Engineer: 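My questions will all concern the structure given below.
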Amino acid sequence: MTRATTFSAWLRAAMAATVSGFMMAAPAAQGFSLDVPYVPTPPEVVDRMLEVAKVGPEDFVIDLGSGDGRIAIAAVQDHNAKGSMGVDINPERIGEARVNAQRAGVADKVEFREQNLFDTDFSAATVLTMYLLPDVNLALRPKVLELAPGTRVVSHAFDMDEWEADHFERVDGRSVYMWIVPAKVEGRWQVEGPQGALELDLTQNFQEVSGTASGADGQSQPVSGKLNGASIELTVGEGDGARRYTGNVQGSSLLLSEGGADSSSWKGTRL
Ligand SMILES: C[S@@+](CC[C@H](N)C(=O)[O-])C[C@H]1O[C@@H](n2cnc3c(N)ncnc32)[C@H](O)[C@@H]1O
């Protein structure tokens with residue numbers, strides 16, 4: 001057993017103990033099994049999770065493993081999201097969540113689906129929330145990284161292993177992590193600008209970018225950078241001669257501007 005598995009097994013037991021050890025065992029007898037026990041997020045943490053993700057009128061929030069519906073309901077009731085969805089495998093939780101949405105007067109904006117979160121299409125989320133377990137977060141990570149660049153992902157308590165959070169804070173002793181799904185820039189790009197052409201060969205590690213830039217003279221320089229959704233910052237070269245670019249990744253095109261006194265625009269296409 002790996003260290004992570006041991007930790008997660010311990011955590012599962014600890015969470016189950018918090019809810020008297022009954023809730024993980026009981027649903028199996030009813031024909032489904034939980035990957036995570038039911039432990040609700042305290043209201044102040046719910047509020048902060050939605051604040052950190054800057055939920056607003058343009059957002060559609062999906063909570064994976066929605067419990068009594070508190071996150072999905074707060075998203076539309078207190079943070080003005082245009083809609084939300086909660087998914088839970090336990091029909092009892094879904095029943096409670098629907099009653100809670102009715103009571104809160106937001107049933108027309110919130111949907112609760114009784115289904116397995118691993119079978120759920122959550123691609124409509126502009127904000128994805130979760131209070132799950134480390135191994136469940138990790139199993140979801142490849143699908144999360146396929147969400148539209150700029151989608152915010154907020155997790156109560158657990159991280160995404162080596163995908164470092166773009167924001168982390170503690171709220172009343174609880175950990176809140178937030179990631180912004182990065183665009184995909186890995187590969188070779190031909191970038192044209194007023195001072196000629198550059199070939200970028202980029203490697204991506206989640207939101208971190210590195211690689212090399214080669215000019216027409218065949219000289220190669222190191223590149224480092226960072227993605228914030230579809231926004232990108234790149235530094236070509238090092239020290240005083242370094243050139244800094246900011247811009248956007250739009251599918252197979254890269255639009256960059258170089259700051260400073262001789263501000264200029266550059267356009268990249270994939271090779
Ligand atoms: C820790 S609780 C979080 C509840 C809520 N999101 C909150 O923060 O208050 C985890 C929830 O996930 C649900 N769950 C566990 N395994 C699931 C699965 N495979 N698919 C969907 N829901 C699941 C449980 O029923 C439980 O309600």
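Any value given below was found using the heavy atoms of this structure, including those in side chains, with hydrogens, waters and symmetry copies removed. Bear in mind the structure is a predicted one, so any value in this text is a computation, not a measurement. Order of appearance sets the numbers: ligands from 1, and atoms from 1 within every ligand.
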Engineer: Counting heavy atoms only, which of Asn90, Ile89, Thr120 comes nearest to atom 17 (C) of ligand 1?
Structural biologist: Ile89

Engineer: Report the residues that fulfil side-chain hydrogen bond (donor to acceptor under 3.5 Å, both in side chains) with Glu199, sequence neighbours left out, ordered by chain and then residue number.
Structural biologist: Arg188

Engineer: Would Leu234 and Leu200 satisfy side-chain contact (heavy atoms from CB on, under 4.5 Å), going step by step from the backbone distance to the final call?
Structural biologist: CA-CA 11 Å; Leu234 284 179; Leu200 301 180; 4.1 Å; yes

Engineer: State which residues pass ring-ring contact (aromatic ring centres under 6.0 Å, His included) with Trp163; sequence neighbours excluded, sorted by chain then number.
Structural biologist: Trp179, Phe206

Engineer: Should Thr120 and Met85 count as side-chain neighbours, where that means a heavy-atom distance under 4.5 Å?
Structural biologist: yes

Engineer: Heavy atom to atom 13 (C) of ligand 1, shortest distance: which of Val87, Asp88, Leu132 holds it?
Structural biologist: Asp88

Engineer: Answer with side chain, backbone, both or neither: which part of Ile71 has a heavy atom less than 4.0 angstrom from an atom of ligand 1?
Structural biologist: side chain

Engineer: In this structure, does ligand 1 have an atom that sits under 4.0 Å from one of the heavy atoms of Arg70?
Structural biologist: yes

Engineer: Against ligand 1, does Met130 come closer than 4.0 Å with any heavy atom?
Structural biologist: no

Engineer: Of Lys82, Lys54, Arg152, which is the lone residue that meets salt bridge (charged side-chain N to carboxylate O under 4.0 Å, His left out) with Asp59?
Structural biologist: Arg152

Engineer: Could you name the option among Thr41, Val36, Asp63, Thr129 that has the heavy atom nearest to atom 14 (N) of ligand 1?
Structural biologist: Val36

Engineer: Can a non-hydrogen atom of Pro37 be found less than 4.0 Å from any atom of ligand 1?
Structural biologist: yes

